[in-house]
Asker: 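Please find one structure pasted underneath; my questions will follow.
Only heavy atoms go into these numbers, but all of them, side chains included; no hydrogens, no water, no symmetry mates. Below, read A as the first sequence line, B as the second, and so on, with proteins coming before strands; counting in each chain starts at 1. Here the structure is a predicted model, which means the values were calculated and not measured.
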2 protein chains.
Amino acid sequence: MRLARLSEVSGTSPASIKFYLRAGLLQPGAAINPTRADYGEGHVRRLRLIQGLRSTVGLGLEDIRRIIDASAGVEDSPVRRLALLATVQSVVLRLDGDPGAASPAGDALVRAMAWPDEDSEARRAVDRHLAVMEAAGVGATAEVVQAYGRAADAIADAQLAATDLQDSVEDFVLTAAVGMHLHNQLILKIVALAQASQSIRRYGAGVRDAAGPGQP
Amino acid sequence: MRLARLSEVSGTSPASIKFYLRAGLLQPGAAINPTRADYGEGHVRRLRLIQGLRSTVGLGLEDIRRIIDASAGVEDSPVRRLALLATVQSVVLRLDGDPGAASPAGDALVRAMAWPDEDSEARRAVDRHLAVMEAAGVGATAEVVQAYGRAADAIADAQLAATDLQDSVEDFVLTAAVGMHLHNQLILKIVALAQASQSIRRYGAGVRDAAGPGQP
DNA sequence: AGCATTGGATAGTAAGACTATCCTCTGGAT
DNA sequence: ATCCAGAGGATAGTCTTACTATCCAATGCT
């Protein structure tokens with residue numbers, strides 16, 4: 001198909017498609033001659049992936065490029081797919097950074113949850129984050145961290161169960177990233193609800209009524 | 001103190017201070033004469049708040065303005081402070097939106113957690129979010145939602161306990177927002193760790209090694 | 001008296017993600 | 001064979017956000 005048709009099918013403006021081509025997020029179509037190129041189903045899937053990662057997950061084009069690069073060549077093999085999942089998580093949550101020291105709280109968590117005591121980017125990110133919180137005077141007690149751990153276990157289980165290793169790489173990455181993002185948002189909103197609920201429990205419904213800029 | 005001194009004390013460039021003054025995020029200093037103004041401790045606190053909300057929590061100036069507006073006049077009264085906390089959460093998590101229908105999953109959660117069955121912005125946000133997830137084909141089972149709920153209860157408890165209702169409004173809002181943000185990030189990172197751990201448990205450490213763009 | 005500072009206003013910059021315009025080539029209809 | 005709408009490529013413009021830099025007249029300290 002030609003650019004105009006690709007634009008229609010994918011719901012992306014021709015100008016944006018050209019932009020993604022220039023940015024290297026989309027392969028050039030097969031050149032029929034110097035002024036005509038042919039695009040296929042792969043281009044449509046790629047555009048769906050870009051759109052989804054942008055609009056739903058809110059990633060920038062640089063992050064999307066990293067995910068696309070990591071997807072290259074990962075067609076089958078569950079192990080590679082799960083590794084790709086780790087990359088997606090790393091990008092979505094910005095897990096990369098300096099190594100940093102292992103934290104006792106992190107060790108305690110891993111032991112309490114009976115998780116394999118392996119070094120991983122996620123583990124280092126948790127350790128670093130606990131150190132940052134400590135430094136900011138916002139410590140997390142071991143009980144709280146373990147409560148997070150139990151919830152995280154359930155979440156991870158649900159997400160892995162919902163992960164279809166048979167999809168095309170694009171669809172696999174897209175559903176994984178979208179699912180991850182939506183679950184993350186859900187947790188945060190439930191925390192907000194819990195906090196509102198506990199406030200009401202302690203101080204009554206007046207808490208709700210006193211909200212907002214205009215005070216009585 | 002003069003602008004130059006305020007700049008030194010707060011670590012904000014004079015140009016930025018002027019910018020915040022223009023944007024209305026900072027009150028003008030007490031005018032001594034047409035070309036000289038005096039700034040006080042309140043200005044320093046306000047700048048600390050703006051800086052913290054920007055750099056740590058990553059809020060935009062519009063969101064910061066909403067929080068500042070909501071803080072106006074809230075000096076004491078625990079009830080008002082907790083209401084302010086709800087506003088901060090609403091801004092940080094972007095809880096506002098159309099009402100939307102109540103979801104059975106949300107009701108189940110509230111009942112299971114024995115939270116007060118009150119209407120609130122957070123509750124509507126959870127309901128809406130569950131509907132969005134359903135629509136996106138990323139359903140959350142009741143068990144998962146309740147696992148989130150238990151963790152959220154522990155989180156909310158820890159955060160409310162760490163909330164010092166005696167601080168200045170600025171410090172109160174700042175520590176609340178920063179704590180909220182850091183806890184949120186922690187949860188997401190622990191989920192990432194849980195997922196990595198479960199992947200390794202199922203498929204062995206090969207998952208970790210297969211990560212990254214360069215494949216063997 | 002004189003010059004650096006202050007405060008206020010105006011305009012410029014940088015990043016990110018497009019969007020619009022221009023130009024040339026071409027392929028199907030005439 | 002010829003014409004011209006549309007294709008593809010390149011370049012430049014737009015919009016937003018958050019500053020940063022420059023100007024300018026009025027002071028105030030020396």
Asker: Over how many whole Å does the gap from Ile32(B) atom CD1 to dT5(C) atom P extend?
Answerer: 18 Å

Asker: One pair to check against side chain to side chain contact (heavy atoms under 4.5 Å, CB included): Leu6(B) and Val44(B). What are the steps and the verdict?
Answerer: CA-CA 7 Å; Leu6(B) 178 61; Val44(B) 178; 3.7 Å; yes

Asker: Check the pair Ile17(A), Ser10(A) against side chain to side chain contact (heavy atoms under 4.5 Å, CB included), reporting the backbone distance first and the verdict last.
Answerer: CA-CA 10 Å; Ile17(A) 293 178; Ser10(A) 67; 4.3 Å; yes

Asker: Kindly indicate, with the supporting measurements, whether the criterion side chain to side chain contact (heavy atoms under 4.5 Å, CB included) is fulfilled by Leu3(B) and Lys18(B).
Answerer: CA-CA 9 Å; Leu3(B) 198 153; Lys18(B) 286 180 174 191; 4.0 Å; yes

Asker: In plain terms, say whether Arg124(B) and Glu121(B) are close enough for a salt bridge, that is, a side-chain N and a carboxylate O under 4.0 Å apart.
Answerer: no

Asker: Are Glu170(B) and Arg46(B) within salt-bridge range, i.e. N to O under 4.0 Å?
Answerer: yes

Asker: Taking only heavy atoms on the protein side, list every residue of residues 36-46 of chain A lying under 4.0 Å from any atom of DNA chain D, sorted numerically.
Answerer: Arg36(A), Ala37(A), Tyr39(A)

Asker: What integer distance in Å separates Gln51(A):CD from dA17(C):C1'?
Answerer: 12 Å

Asker: Please report, rounded to the nearest Å, how far the C1' atom of dT6(C) is from the CZ atom of Arg5(B).
Answerer: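 To the nearest whole Å, that distance equals 17 Å.
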
Asker: Establish, yes or no, whether the cationic atom of Arg5(A) lies under 6.0 Å from the six-membered ring centre of Tyr39(A) and within 45° of the ring axis.
Answerer: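 Geometry flag: not set, cation outside 6.0 Å or 45°.
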
Asker: Specify the residues of residues 8-29 of chain B, ordered by number, for which at least one heavy atom lies under 4.0 angstrom from an atom of DNA chain C.
Answerer: Lys18(B), Arg22(B)

Asker: CD1/Ile200(A) to CD/Gln198(A) distance, rounded to the nearest 0.5 angstrom?
Answerer: 11.0 Å

Asker: Scan residues 52-67 of chain B against DNA chain D and write down, sorted by residue number, each residue with any heavy atom closer than 4.0 Å; if none is found, say none.
Answerer: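 By residue number: Arg54(B), Gly60(B), Leu61(B).
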
Asker: Counting only pairs under 3.5 Å, give me each side-chain donor-acceptor contact of residues 19-32 of chain A, with atom names and distances, residues two or more places apart or in other chains.
Answerer:
none

Asker: Can you list everything that forms a salt bridge (Lys or Arg N to Asp or Glu O under 4.0 Å) with Arg48(B)? Sequence neighbours excluded, please.
Answerer: Asp171(B)

Asker: Could you pull out all residues at least two apart from Ala194(A) that satisfy side chain to side chain contact (heavy atoms under 4.5 Å, CB included)?
Answerer: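 Applying side chain to side chain contact (heavy atoms under 4.5 Å, CB included) to Ala194(A) gives Trp115(B), Ala152(B), Asp153(B), Ala156(B).
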
